[in-house]
Number of protein chains: 2
Amino acid sequence: MNTRVTIVDVAARAGVAISSVSSALNNRPGVSDETRRRIVQAAQDLGFVPSLRGRSLSAKRAFAVGLVVHRDPSVLESDPFFGAFIGGIETVLDPRDYALILQMGSEPVETLDRYRSLAANRRVDGVFLPELGVDDPRVPLVQELGLPAVGVNAEPDFPLPAVRQGHVEGVHELVAHFAALGHRRLALVTGPHEFIHARQRRVAFAEAVALHGLRLDDVVEGDFTYEGGIAAAGAMLEGRAPQDRPTAVLCSNDLSAIGFLARAGELGLRVPDDLSVAGFDGIRLGTYVRPTLTTIGTAPRLLGAEAARMLLDQIDGLTVDDVDIEHASLVVRGSTGPVPSGHLASVR
Amino acid sequence: MNTRVTIVDVAARAGVAISSVSSALNNRPGVSDETRRRIVQAAQDLGFVPSLRGRSLSAKRAFAVGLVVHRDPSVLESDPFFGAFIGGIETVLDPRDYALILQMGSEPVETLDRYRSLAANRRVDGVFLPELGVDDPRVPLVQELGLPAVGVNAEPDFPLPAVRQGHVEGVHELVAHFAALGHRRLALVTGPHEFIHARQRRVAFAEAVALHGLRLDDVVEGDFTYEGGIAAAGAMLEGRAPQDRPTAVLCSNDLSAIGFLARAGELGLRVPDDLSVAGFDGIRLGTYVRPTLTTIGTAPRLLGAEAARMLLDQIDGLTVDDVDIEHASLVVRGSTGPVPSGHLASVR
DNA sequence: TTGAAAGCGGTACCAA
DNA sequence: TTGGTACCGCTTTCAA
């Protein structure tokens, strides 16, 4: 039990050369059915599992892909995106005998180094690029390193293969929802400008608002955190007369929306009676809070699965086309409702 | 740029044998200072990074350790433990050039298979065993496989190296806190009995309650989820007269405590005026909710770091002693307060 | 101290 | 169709 079964053992038992074992077990042609059968039998008898290390060295592959999570160490802790994203990745990796190497880098610079060393010692065959920033330095890096990569929710002109989930439609649905409820004065809590997805959501919201002939009263920059939502609510609502406040707010992610809700409540505003609030993501937590959070539901799990498929295909030398998964769409729950009556009159 | 720099290149440039390069670069004796200097210089000039694959095959090591997360696919999503735990692991792995391989198995059986295949193809040199169950099948498995492993929060008689964070003290602190606030009738929402940490918390609570001469009114089994907390609150509070209710409740983790809080609120109970509620973990979310959650703060990050250190040492052939990190302790926040006045009178 | 060479466990090419 | 063998890139004896 101490010494492992190698391909040599299998060859010996089947009475063939190791090259035949290799061919047979990898379903390559050039082995007679009879020999193949004997080899498979021998392998099974011996409980042979090819060593990843041997294969790795010879095949010049790591059979692993990498995900580097950056930002604060508590990302995984408070941001449900990665959990679901990783879950999706796993569903694809596992059947194809690949493994996921997860690394965390607190600061952007450190993150780059992680990618660099993953590539340098060839620990991975490719990487995911989630949470893309504007002019993200990881892009030229992987290009320079010749490291296969897949971008997640990238811009249209992204130079690498990417998987995207449309955000525009969901935002339009939400604004239409607001409009139908009589809201005229909307506001937005964005994410940090350096993130592409923050910008995408902002642009889509502004467009939709204009399209419906509504007013974009206020835009406050948040940071995708709960605390950021609290701060944004303070900035947007505190000390303002009802007539001066927006009646419907979109926060760029659910976490900040939930913070926003909490602060709004502390300021004496009832949601959705005095104010409608919506988030973006569709995290589970949004169904926990009261009122439950209206949101634009995304599919990080699917995004992960598709990204993994694209990455493995790319590693296999296939040409991969960008993929658009089903767009995010509105999920109406308890935090949005009709515009306060006072505001109906005040319009126009 | 296309072909990588190997040890052969370095040897050639330094004008020495590859064995000398290996010795020199790994700080092994038997190389003269002068030669060593030349080799280091050459390596640097060429930007040599040893191939993990070559090392791996030759050294019979994967230079990676594995973490298999089981239970529902949404674990990482809603349970902040793993994010912090992984963060802690990383801080130790990275400087020692190890990587973390993360896998997810939804069902326990599947999880076992993951461990099995990780061991079979030698993708990892060791594994973490978090969230131990009673008679956890992973334990005999890793023993049989001869796979180094470290248990997290294991029982005292655990047969493998383990890192633990004391839970008893924190629970005692909490019960003392309850007692000081005048509470006499306590209750507990546990986690599933099959988890060791659920049982540990239950036992500690019962002991502490007895020690203070208080009453353990009610014990309801939860499932460590928000929904479980909601259900537990329903079972414990709904349709009961104030005199029949406990006045202070410990939920076995924060997430369920937060669900408990929400449901209590819906049932018209004010926390902490009508009822005190505490959790266990110290997750960030507990500071978001209103009232903020009194809890017993744990240190998953530290647990991860220590577990990683122990695992790597074990892999290096060192004998590792079990480690106890600073025990979890009480964090008083807003969800606990004085016993309702009606109950003060009713005691005795 | 240095260098040559034998593995580690596979893959893949080439002759037989 | 088979078997032999040269790698893959490093570590580790063992002579020189």
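Everything numeric in this text was worked out from a predicted model, so none of it was measured.
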Rounded to whole angstrom units, what separation is found between the [atom1] atom of [X] and the [atom2] atom of [N]?
X: A:D97; N: C:dG10; atom1: CG; atom2: P; value: 14 Å
X: B:R38; N: C:dT1; atom1: CZ; atom2: P; value: 15 Å
X: B:R61; N: C:dG9; atom1: CZ; atom2: P; value: 16 Å

For residues 311-321 of chain B, the side-chain hydrogen bond (donor to acceptor under 3.5 Å, both in side chains) pairs (sequence neighbours left out) are B:R61-B:D316, B:R96-B:D313, B:R96-B:D316, B:R309-B:D313
Is the B:F82 ring parallel, tilted or perpendicular to the B:F85 ring (thresholds 30°, 60°)?
perpendicular
Only counting residues at least two apart or in another chain, list the ones meeting salt bridge (charged side-chain N to carboxylate O under 4.0 Å, His left out) with A:D45.
A:R13
Please encode protein proximity along nucleotides 7-16 of chain D as a string of B, S and -, counting only heavy-atom distances under 4.0 Å.
-BBBBB----
Apply ring pair (Phe, Tyr, Trp, His ring centres under 6.0 Å) to [X] and list each qualifying residue two or more places apart in sequence or on a separate chain.
X: A:F158; result: none
X: A:Y115; result: none
X: B:F48; result: none

With sequence neighbours excluded, what pairs up with B:R114 under the side-chain contact (heavy atoms from CB on, under 4.5 Å) test?
A:E90, A:D94, B:V68, B:Q103, B:E110
Only pairs at least two apart or in different chains count here, so list each salt bridge (Lys or Arg N to Asp or Glu O under 4.0 Å) that has a residue in residues 46-57 of chain A.
A:R53-B:D125
For the helix from C:dT1-D:dA16 to C:dA16-D:dT1, figure out the bend between the end axes, five pairs an end, and round to 10 degrees.
50°
